[in-house]
Every structure is written in C-alpha cells, then in structure tokens.
Asks: 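Sharing a structure here in structure tokens format.
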Amino acid sequence: ADRRPTPLAAPPDSLALTLGRHQLGSIGATVVDFGTLTLLVERFGLHPVSATALGALAGAVFNFTLARRWIFRDHNGSLGAQALRYALVSGASLGLNTLGEYLLSTRMGFHYLGARVVVAVAVSLLWNFPMHRRVVFPNTVEAS
C-alpha cells in the first residue's frame, strides 16, 4: 500500500482576499485595455474606434483568464459555459457603466472622468464581483 501522505488541499480563501484579487484583476485588465488601445493607435496607426474595441476585447480576455485561474480558481468548469456567462455579465456591465456615466456626467453635471471613476468602482463592486463570483465562476470556494 502507498503510505505517502496525501497532500492537503489549500484552505479556502476569505471573501476579502477574493475581492482583493478581483480588484487587482480589474486594474490589470484596464492596463491591458488602455495599453492595447494606445499601442494600436500610436504605433500602428489604427483608428481609435477600432482600437478601442480591440483594447476592450484584449482586456476582457485577460480578465477572464485571470479570473478563471487566479481570482476565483474555478478552472475545472466548462470553459465555453464560463466564457458565455462572462460575456453576458460583461455586456450588462457595459450597459450599467454607460448608463451611470450618462446619469452622472450628462444629467447631473459631474466631470466625465470623475463620473467614470465613480461609476466604474460602483459597477465593479456591486455588479461585476457578485456576478463573477456566483454566476460566472460558481465553484469558487471561500471560507465562511
């Protein structure tokens, strides 16, 4: 009989640790998004609208991959199903960010960049994190 000790499973992460990783992943995705945009426009002469779409796509792929492997550690689920759920949550996130920007900057008169930061943080904490945690990557294990 094999008498080697079985490796212990890693302890579940706290909600705060998962949230912290989620916020770091969001920052990383933003860097990839804006970096791709800038590189494509400045170095390769791509039109800013096309470069914006490609930058957003690059940021989304980066964030999804990071979320699956590191943030939520739910890499045993179906990749296709997770990607579809991620795309749906991201589409709703886009709508919430756009609506929030409209309400704060256009309707309430806040400076567009300040409004963008406030809305982005609110949507990240109140929509993206809960939806990623419970819908996109439902097999996340956390300590109680």
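Note that this is a predicted model, so its numbers are computed, not measured. Values below: every heavy atom of this structure, side chains too, minus hydrogens, waters and symmetry copies.
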Asks: Does the side chain of Leu46 come within less than 4.5 Å of Leu54's, by heavy atoms?
Replies: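 They are in contact (side-chain heavy atoms under 4.5 Å apart), so the answer is yes.
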Asks: Which heavy atom of Gly59 sits nearest a heavy atom of Ala29, and at what distance?
Replies: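 Heavy atoms of Gly59 and Ala29 come nearest at O-CB, 3.5 Å.
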Asks: Do the non-hydrogen side-chain atoms of Leu15 and Arg133 ever get within less than 4.5 Å of each other?
Replies: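 Answer yes - side chains close enough.
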Asks: Should Val123 and Leu19 be regarded as members of a common hydrophobic cluster, given that ILVMFWY residues are connected when their side-chain heavy atoms come within less than 4.5 Å of each other, either directly or indirectly?
Replies: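 Yes, it is one cluster - the side chains of Val123 and Leu19 are joined through contacts under 4.5 Å.
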Asks: How far does CZ of Arg69 sit from CZ of Phe64, to the nearest 0.5 angstrom?
Replies: 10.5 Å
Asks: side-chain contact (heavy atoms from CB on, under 4.5 Å) with Leu66: which residues, sequence neighbours excluded?
Replies: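 So Leu66 forms a side-chain contact (heavy atoms from CB on, under 4.5 Å) with Phe62, Trp70, Ile71.
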Asks: Would a hydrophobic clustering, with Ile, Leu, Val, Met, Phe, Trp and Tyr connected at side-chain separations under 4.5 Å, put Leu113 with Leu96?
Replies: no
Asks: Do Tyr86 and Val135 sit in one hydrophobic cluster, given that two such residues count as connected whenever their side-chain heavy atoms are within less than 4.5 Å of each other, even indirectly?
Replies: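 Linked, Tyr86 and Val135 end up in one cluster.
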Asks: Rounded to the nearest 0.5 Å, how far apart are OG1 of Thr52 and CG of Leu57?
Replies: 12.5 Å
Asks: Below 4.5 Å, heavy atoms only, C-beta onward: do Asn76 and Asn139 meet side chain to side chain?
Replies: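 In short, these two side chains do not touch, never coming nearer than 4.5 Å.
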Asks: Using only atom types and a distance under 3.5 Å, with no angle test, would you say the side chain of Thr98 pairs donor to acceptor with the backbone of Leu94?
Replies: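 It does hold such a pair.
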Asks: Over all heavy atoms of both residues, which pair between Ala56 and Asp33 is shortest? Give the atoms and the distance, please.
Replies: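 Closest approach of Ala56 to Asp33, heavy atoms only: N-OD1, 3.4 Å.
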Asks: Look up atom CZ in Arg85 and atom NE2 in His132, then write down how far apart they are to the nearest 0.5 Å.
Replies: 11.0 Å
Asks: Passes side chain to side chain donor-acceptor pair (under 3.5 Å), Asn128 versus Ser93? Steps please.
Replies: CA-CA 7 Å; Asn128 293 345; Ser93 178; 3.0 Å; yes
Asks: Which is it for Asn97 and Arg116 under the side-chain contact (heavy atoms from CB on, under 4.5 Å) test, yes or no, and what are the steps along the way?
Replies: CA-CA 8 Å; Asn97 275 285; Arg116 184 69 193 99; 2.8 Å; yes
Asks: How close do Arg73 and Arg21 get, heavy atom to heavy atom, and via which atoms?
Replies: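 Looking at all heavy atoms of both residues, the closest pair is NH2-NH1, 3.4 Å.
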Asks: In Å, rounded to the nearest 0.5 Å, how long is the span from CG of Leu79 to CG of Leu84?
Replies: 11.0 Å
Asks: Starting at CG of Leu40, measure out to NE2 of His47 and round the result to the nearest 0.5 Å.
Replies: 13.0 Å
Asks: Quick check: closest heavy atoms across Ala58 and Thr36, and the distance to 0.1 Å?
Replies: CB-OG1, 3.8 Å
Asks: At what distance, to the nearest 0.5 angstrom, does CG of Leu103 lie from OG of Ser105?
Replies: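 Reported to 0.5 Å precision, the distance equals 8.5 Å.
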Asks: Report yes if some heavy atom in the side chain of Phe72 is under 4.5 Å from a heavy atom in the side chain of His22; otherwise report no.
Replies: yes
Asks: Determine, using the 4.5 Å side-chain heavy-atom cutoff (strictly less than), whether Phe34 and Val119 are members of one ILVMFWY cluster.
Replies: no
Asks: Of all the heavy-atom pairs spanning Asp74 and Pro138, show the shortest one and how long it is.
Replies: OD2-N, 3.4 Å
Asks: With the side chain counted from C-beta on, respond yes when Asn63 and Thr30 share a heavy-atom pair under 4.5 Å apart, and no when they do not.
Replies: no
Asks: Does any non-hydrogen side-chain atom of Leu125 lie less than 4.5 Å from one of Gln23?
Replies: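 Yes. Closest side-chain heavy atoms under 4.5 Å.
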Asks: Linking I/L/V/M/F/W/Y whenever any side-chain heavy atoms sit under 4.5 Å apart, do Phe137 and Leu17 land together?
Replies: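 No, separate clusters.
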